[in-house]
Visitor: 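Mind looking over this structure? Questions follow.
Predicted, not measured: the structure shown is a model, and the values here were computed from it.
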Amino acid sequence: MPEPIKVAKFGGSSVANADAMRRCARIIADDPERAVAVLSATSGTTNLLTLLPEKAEGNEREQIFRSIEENHESIADDLNVSEETRLAVRGYLSELREVATYGSLESLEVKDRICSFGELISTTLFTDLLNQEGVDAVWIDARMLIRTDAQFGSAEPDTEAIRHAVTAQLLPLIGDRRVVTQGFIGSEPEGRTTTLGRGGSDFTAALLAEALDTRVLEIWTDVDAIYTTDPRVVEQAQPITEITFDEAAELSVFGAKVLHPATLKPAIRKDIRVYVGSSIHPERPGTWIVQKSGQLPVIRAISLRRDQTLVTVHSLDMLHRHGFLAQLFRILADHRISVDLVTTSEVSVSLTIDTNHDGLRHRLSSGVIGELSEFADVEVEKGLVLIALVGNQLDRTAGISGQLFQLLDEINIRLICHGASTHNLCFLVEEARADEVVQKLHAHFIEREEALL
């Protein structure tokens, strides 16, 4: 087995079609240390798969089936895969039809099975391609490696069970061969298919890197690097060549979509260096995420996360009474709703919820508000954007809040959290003003030569 080895993850846009897959195959071939390749489904496939349970009409469902089939058959034709691979792909497509036609589509377990087929098919095609390119590659089912609990739709990994499975089943395959496996999917103790939630392929790769004790995890995507902010919002956004785990974790949590928020947990536990690079332009520098960086600017980057909901709970029972907050957060926990920012007064609590997910939006509207309303007045504000200044020692740097309020003196800041973290300062603004706010902050804190360092 080559030392050290690397785990390389390729996202959906990186394996979107035959040409994209060929680029990824060259990346694998160029470095013998890239021993394990973790792939997402081809771009758009998971979106189509998640629509299947919602389409009761036969015609609509048939259109989705045909779209998935035609896309993968086209890739198979372009790659000129073997007949064995074609039969395997057709087998998965046939099984998908059976599960989506006869399974209970209200069941999260069935939905996880449906969503797993995207990764199973993409990795089957990619393994064939690597072998065509002269790279000895072997396919393994990630469900044999990624052991989880039975929380279908967003399963929690069992790191100890993953380590045992990787040692027994993955390590023996690594040597002169490369191993191709799936991101996003796993299995619970009884062997039923689970998923790690949307974006979970990054998490899969990090869990495998941790279990293998690798020193490097590579995340190959369609962007060149992690940027100082979203380049679609600010044209002057700059690539970041090196960033710390703490900073990258804050960015991933507060809206930067380059990494899945959970990805860095295994990397931090084992001090695994993470590289983010472009599969389209692999020659470009990319971003290294490391434990310690040579430079620690006060403001490293600015992130934004859209579709946020602000819930304000008001009750006179809060006044000099214990247990109110416990009751509030117990209801949220019962509905598996995660809270980001929290501010309190004598008789009110305001908290933000990321409703950029259909599941959370549904749980919030279907039950939570009603339960909270039984003991308090509840106000819900939608159409907000969470903006975060991410950097270092923000809680000990004088003048940051003053500069922020001066820059945004004409903007209504709905809520602000400062001081709870040394790495971020967060606030909410209305969606209509969000891009303008990010542009002003980026120009002041990052583009100016005299900006605070």
Side-chain angles (χ1 to χ4, degrees), residues 8-28 36-53 61-82 85-97 99-100 111-133 135 137 139-143 178-185 193 195-205 218-223 257-258 260 277-280 282:
K9 178 263 177 179
F10 298 92
S13 57
S14 294
V15 293
N17 52 47
D19 287 340
M21 284 192 177
R22 289 189 183 97
R23 288 193 294 267
C24 295
R26 287 194 291 270
I27 289 172
I28 293 292
V36 179
V38 177
L39 267 65
S40 298
T42 60
S43 181
T45 297
T46 302
N47 288 336
L48 289 173
L49 291 170
T50 56
L51 285 175
L52 281 172
R61 188 174 296 172
E62 181 61 27
Q63 288 175 1
I64 294 174
F65 283 138
R66 289 305 306 157
S67 179
I68 293 171
E69 289 168 351
E70 289 170 3
N71 178 53
H72 290 99
E73 287 170 0
S74 174
I75 294 174
D77 289 340
D78 288 347
L79 295 179
N80 193 28
V81 299
S82 68
T85 296
R86 289 182 184 275
L87 289 174
V89 169
R90 289 169 186 162
Y92 285 131
L93 292 170
S94 175
E95 187 180 353
L96 167 62
R97 276 183 174 270
V99 173
K111 290 179 180 180
D112 275 2
R113 281 194 67 192
I114 290 172
C115 286
S116 71
F117 287 101
E119 277 74 14
L120 294 170
I121 296 172
S122 68
T123 51
T124 300
L125 293 168
F126 189 71
T127 305
D128 187 294
L129 171 62
L130 284 176
N131 283 300
Q132 286 185 50
E133 298 289 326
V135 178
W139 183 95
I140 188 171
D141 192 330
R143 293 171 293 187
R178 316 297 176 89
V179 180
V180 179
T181 194
Q182 306 80 40
F184 180 55
I185 67 175
T193 299
T195 65
L196 301 179
R198 294 301 295 267
S201 292
D202 290 353
F203 197 14
T204 299
E218 297 179 338
I219 306 293
W220 295 94
T221 181
D222 58 350
V223 298
K257 295 183 178 179
V258 176
H260 185 273
S278 167
S279 61
I280 301 172

Visitor: Would you call Ile114 and Leu96 a side-chain contact if the rule is heavy atoms closer than 4.5 Å?
Guide: yes
Visitor: For a side chain to side chain contact (heavy atoms under 4.5 Å, CB included) check, start with the C-alpha distance between Val89 and Glu73, then their side-chain angles and the critical distance, and finish with the verdict.
Guide: CA-CA 8 Å; Val89 169; Glu73 287 170 0; 5.9 Å; no
Visitor: Measure the spacing between CG of Leu120 and CG of Asp141 and express it to the nearest 0.5 Å.
Guide: 6.0 Å
Visitor: Taking the side chain as C-beta and beyond, is there a heavy-atom pair between His72 and Arg86 under 4.5 Å?
Guide: no
Visitor: Indicate yes or no for a side-chain donor-acceptor contact from Arg178 to the backbone of Ile28 under 3.5 Å, with no hydrogens or angles considered.
Guide: yes
Visitor: Just how far is it from atom CG of Leu129 to atom SG of Cys24, taken to the nearest 0.5 Å?
Guide: 9.0 Å
Visitor: Go through the steps for Lys9 and Ser40 under the test side chain to side chain contact (heavy atoms under 4.5 Å, CB included), then give the verdict.
Guide: CA-CA 8 Å; Lys9 178 263 177 179; Ser40 298; 3.7 Å; yes
Visitor: Indicate yes or no: at least one non-hydrogen side-chain atom of Ser122 is less than 4.5 angstrom from one of Thr45.
Guide: no
Visitor: Say you draw a straight line from CE of Met21 to CD1 of Ile75; how long is it, rounded to the nearest 0.5 Å?
Guide: 5.0 Å
Visitor: Examine distances only and state if a side-chain atom of Asn131 and a backbone atom of Thr127 form a donor-acceptor pair shorter than 3.5 Å.
Guide: yes
Visitor: Using only atom types and a distance under 3.5 Å, with no angle test, would you say the side chain of Gln182 pairs donor to acceptor with the backbone of Ile140?
Guide: yes
Visitor: Val15 and Ala41: which non-hydrogen atoms are nearest, and at how many Å?
Guide: CG2-O, 4.0 Å
Visitor: Hey, does the side chain of Thr221 reach the backbone of Ser278 with a donor-acceptor pair shorter than 3.5 angstrom?
Guide: no
Visitor: Classify the ring geometry of Trp220 against Phe10: parallel below 30°, tilted from 30° to 60°, perpendicular beyond 60°.
Guide: parallel
Visitor: Could you tell me if Thr193 and Asp112 have a donor-acceptor pair between their side chains, going purely by distance under 3.5 Å?
Guide: no
Visitor: Are Ser116 and Arg143 side-chain neighbours, meaning at least one heavy-atom pair lies under 4.5 Å?
Guide: yes
Visitor: Got a second to check how far Phe117's CZ is from Thr124's OG1, nearest 0.5 Å?
Guide: 11.5 Å
Visitor: Testing the basics here: between Asp222 and Ser14, what is the closest heavy-atom pair and its distance to 0.1 Å?
Guide: N-OG, 4.3 Å
Visitor: For residues Leu39 and Glu119, determine if any side-chain heavy atom of one lies less than 4.5 Å from a side-chain heavy atom of the other.
Guide: no
Visitor: Should Thr85 and Leu79 count as side-chain neighbours, where that means a heavy-atom distance under 4.5 Å?
Guide: no
Visitor: Could you check whether any side-chain heavy atom of Ser74 comes within less than 4.5 Å of a side-chain heavy atom of Asp78, counting everything from C-beta outward?
Guide: yes
Visitor: Looking at Ile185, Val38, Thr195, which one forms a side chain to side chain contact (heavy atoms under 4.5 Å, CB included) with Thr204?
Guide: Val38
Visitor: Just how far is it from atom NZ of Lys111 to atom OG1 of Thr50, taken to the nearest 0.5 Å?
Guide: 9.5 Å
Visitor: What's the shortest heavy-atom distance between Ser279 and Ile27, and which atoms?
Guide: CA-CD1, 3.8 Å
Visitor: CG of Leu87 to OG of Ser82: how many Å apart, nearest 0.5 Å?
Guide: 8.5 Å
Visitor: Do the side chains of Leu93 and Phe65 get nearer than 4.5 Å, heavy atoms only?
Guide: no
